[in-house]
2 protein chains.
Amino acid sequence: MQSVTEASDSPLTERQRDVLDAALGLLVEAGDTLTMTSVARRASCSKETLYKWFGDRDGLLTATVQWQASKVRGIPAKRDGLDLISLTSGLERFASDWLRVLSGKISVALNRIAVSHAGSDKRDLGAIVLENGPFAMARRLMPLLEVGREAGLLAFEDTEEAFRTFFGLVVRDVQIRLLLGDRFELTDVAIDGEARRATQQFFALYGAYTNGAG
Amino acid sequence: MQSVTEASDSPLTERQRDVLDAALGLLVEAGDTLTMTSVARRASCSKETLYKWFGDRDGLLTATVQWQASKVRGIPAKRDGLDLISLTSGLERFASDWLRVLSGKISVALNRIAVSHAGSDKRDLGAIVLENGPFAMARRLMPLLEVGREAGLLAFEDTEEAFRTFFGLVVRDVQIRLLLGDRFELTDVAIDGEARRATQQFFALYGAYTNGAG
DNA sequence: CTTTTGCCGTACCGTACGTTACGGTTCGGT
DNA sequence: ACCGAACCGTAACGTACGGTACGGCAAAAG
């Protein structure tokens, strides 16, 4: 027996991971209208166990979001961006991956939960999603941008500023429209096209061989 | 007596508007955790009246969102963008206004509500917010962009494509961070700076005097 | 074999809240 | 002055759901 709600680095039994996967599935299907009873039934476990492991409903939600975050985390960006070709393809692949994750059902569902719980005095799911969403993207991308700058391929003063512009060029209105329930068809080829366009526009703004209008 | 839930263009009594303002205030303060009782108390009306006018809780929420939308709607964009100066200032003012609305408490609250209700089978608040948010922005801005193109100041093929890029350059990660509860200080001068940067970058991408990389 | 532990299944409790019902009050119409 | 409609305030109902208690079982510990 171990309560997961205390320290953030509890090792999580395989059974617990199964339970969280069940909760994740229900979260995607039903949003935060999921009930403790439904989670228990889906996971074939008792409600008592849920409460023993996760404390309360909010603890279960938090653990579920963290569990998904731990799955996505750790796709390291390759730092081989020394020439223009590899930097370009690195940015493109980055944008492509990001859009793919962003438009996935799980991401949409989790962002919905976090948004609707933000501003509450409970455990802040928003902070977790923020940390594993935009902030994680920044942590992974900004080193790549700086490598590009040191290689003389990019020109900017504020790295965060450059990153946020890249973010805007990649995501545009896609995420908010998805969150607001707009039916959106975003095929894989469309995503790749978006990534290519965003990268191209980013180079038009921050490429060292054009104007360095940072 | 008139039920507002049926036709979308019910004229709304002044008393009803007062009630919706009260609901709006509670929505900003408490999110969708507001109760029918609290709305009745704040508006000094009976719950029976709430149900007679708006049908049910969801109808009240919908009416409230529509009421706020009807307040924001109808700030027409001036179509005087014939020379570069006025086009630039038009875009800047547009971006500035948009960021100001976007970062306001009411906008954040309403987007939160709409996001958390999206994907539900109830009346779609997401569609309303979408219609009065990004889509309204598009309807107002795209004509201005086309005027700029016809005046030879901008170069692009797909107007919607150009608009969405402008959207991305203006909003970047601001909205999602606000929705996720990130404490964010966005002063008026900062907003004006953002608007200026976005406009400048947009001209760098779509200005006719540079490359027309649409 | 006995004890302990951990968990399942289920019944149960308390409460919050959406919704309805009803008596009392205001107010415009005649 | 009278009537009826609209509305206020509040009490009451029904229910869904978070949280708890408890009996039974299987497996590990002793």
Side-chain angles (χ1 to χ4, degrees), chain A residues 1-6 10-27 29-65 113 116-117 120-123 125, chain B residues 1-6 10-27 29-65 67 112-113 116-117 120-123 125:
Chain A
M1 192 266 322
Q2 50 191 347
S3 176
V4 184
T5 61
E6 312 300 337
S10 302
L12 278 186
T13 311
E14 177 165 350
R15 183 82 182 100
Q16 288 174 332
R17 277 179 270 139
D18 289 345
V19 170
L20 292 183
D21 275 329
L24 199 55
L26 281 175
L27 225 51
E29 294 173 19
D32 64 353
T33 65
L34 92 173
T35 64
M36 299 297 279
T37 305
S38 70
V39 174
R41 196 168 42 228
R42 172 76 62 102
S44 295
C45 75
S46 71
K47 287 169 67 175
E48 187 181 25
T49 302
L50 291 183
Y51 284 101
K52 189 184 297 181
W53 283 348
F54 307 109
D56 56 1
R57 193 186 123 93
D58 208 57
L60 173 63
L61 257 57
T62 306
T64 305
V65 172
I113 308 291
S116 52
H117 279 227
S120 165
D121 49 356
K122 307 207 162 195
R123 290 182 197 76
L125 298 180
Chain B
M1 187 265 326
Q2 49 190 348
S3 176
V4 186
T5 61
E6 311 300 334
S10 302
L12 277 187
T13 311
E14 177 164 351
R15 182 81 182 98
Q16 287 174 334
R17 275 179 270 139
D18 288 346
V19 170
L20 291 183
D21 275 329
L24 200 55
L26 281 174
L27 223 51
E29 294 172 19
D32 64 351
T33 66
L34 93 172
T35 64
M36 298 298 279
T37 305
S38 70
V39 174
R41 196 167 43 229
R42 171 77 62 101
S44 294
C45 74
S46 72
K47 290 167 72 173
E48 187 182 24
T49 301
L50 290 184
Y51 283 99
K52 190 185 296 181
W53 284 349
F54 307 107
D56 57 0
R57 189 178 125 85
D58 209 55
L60 173 63
L61 257 57
T62 305
T64 305
V65 172
W67 164 233
R112 287 231 180 96
I113 308 291
S116 51
H117 279 229
S120 167
D121 50 356
K122 307 206 166 200
R123 291 184 197 75
L125 299 180

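Chain letters run A, B, ... following the sequence lines, proteins first, then strands; residues in each count from 1.
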Length of the CG-P vector between B:Asp56 and C:dC17, whole Å: 17 Å
Atom-pair distance (NZ on B:Lys47; P on C:dA16), nearest Å: 13 Å
When we call it a touch if two heavy atoms are under 4.0 Å apart, what does B:Thr37 touch: a base, just sugar-phosphate, or nothing? nothing
Nearest listed nucleotide, side chain of B:Glu48, among D:dG9, D:dT10, C:dC8: D:dG9
Where the side chain of A:Thr35 is concerned, which of C:dC8, C:dG18, D:dG18 is the nearest nucleotide? D:dG18
Separation of B:Leu61 atom CG from C:dC17 atom C1', in whole Å? 14 Å
To the nearest Å, give me how far apart OH (A:Tyr51) and P (C:dC8) are. 15 Å
A:Leu50 CG - C:dG9 P separation (whole Å): 11 Å
For D:dA16, does OP1 or OP2 lie under 4.0 Å from any side-chain N or O of A:Arg57? no
Please tell me which of the listed nucleotides, D:dC7, C:dC8, C:dG18, lies nearest to the side chain of A:Ser46? C:dC8
Measure from CD on B:Gln16 to P on D:dC8 and round the result to the nearest Å. 11 Å
Would you say B:Thr13's side chain and B:Gln16's backbone share a donor-acceptor pair under 3.5 angstrom? no
Closest to side chain of B:Thr49, choosing from D:dT20, C:dG18, D:dC7: D:dC7
Give the rounded distance in Å between these two atoms: CE of B:Met36 and P of C:dA21. 15 Å
Which nucleotide, D:dG18, D:dC8, D:dA12, lies nearest any side-chain atom of B:Cys45? D:dC8
Taking atom P of D:dA16 as reference, at what distance in whole Å does atom CZ of A:Arg41 sit? 13 Å
Considering only heavy side-chain atoms of A:Trp53, the closest of C:dC7, C:dA21, D:dA6 is C:dC7
Heavy atoms of A:Leu27 and A:Thr64 approach each other most closely as CD2-CG2, 4.1 Å
Taking the side chain as every heavy atom from C-beta outward, state whether B:Leu26 and B:Glu29 have any pair of such atoms under 4.5 Å apart. yes
Among C:dC7, C:dC8, C:dT19, the nucleotide that comes nearest once only the side chain of A:Lys52 is considered: C:dC7
Could you grab the distance from atom OG1 of B:Thr35 to atom CZ of B:Arg41, nearest 0.5 Å is fine? 6.5 Å
With rounding to the nearest 0.5 Å, note down the distance linking NE2 in A:His117 to CG in A:Leu125. 6.0 Å
I want to check one thing: is the phosphate of C:dT26, taken as OP1 and OP2, less than 4.0 Å away from some side-chain N or O of B:Arg15? no
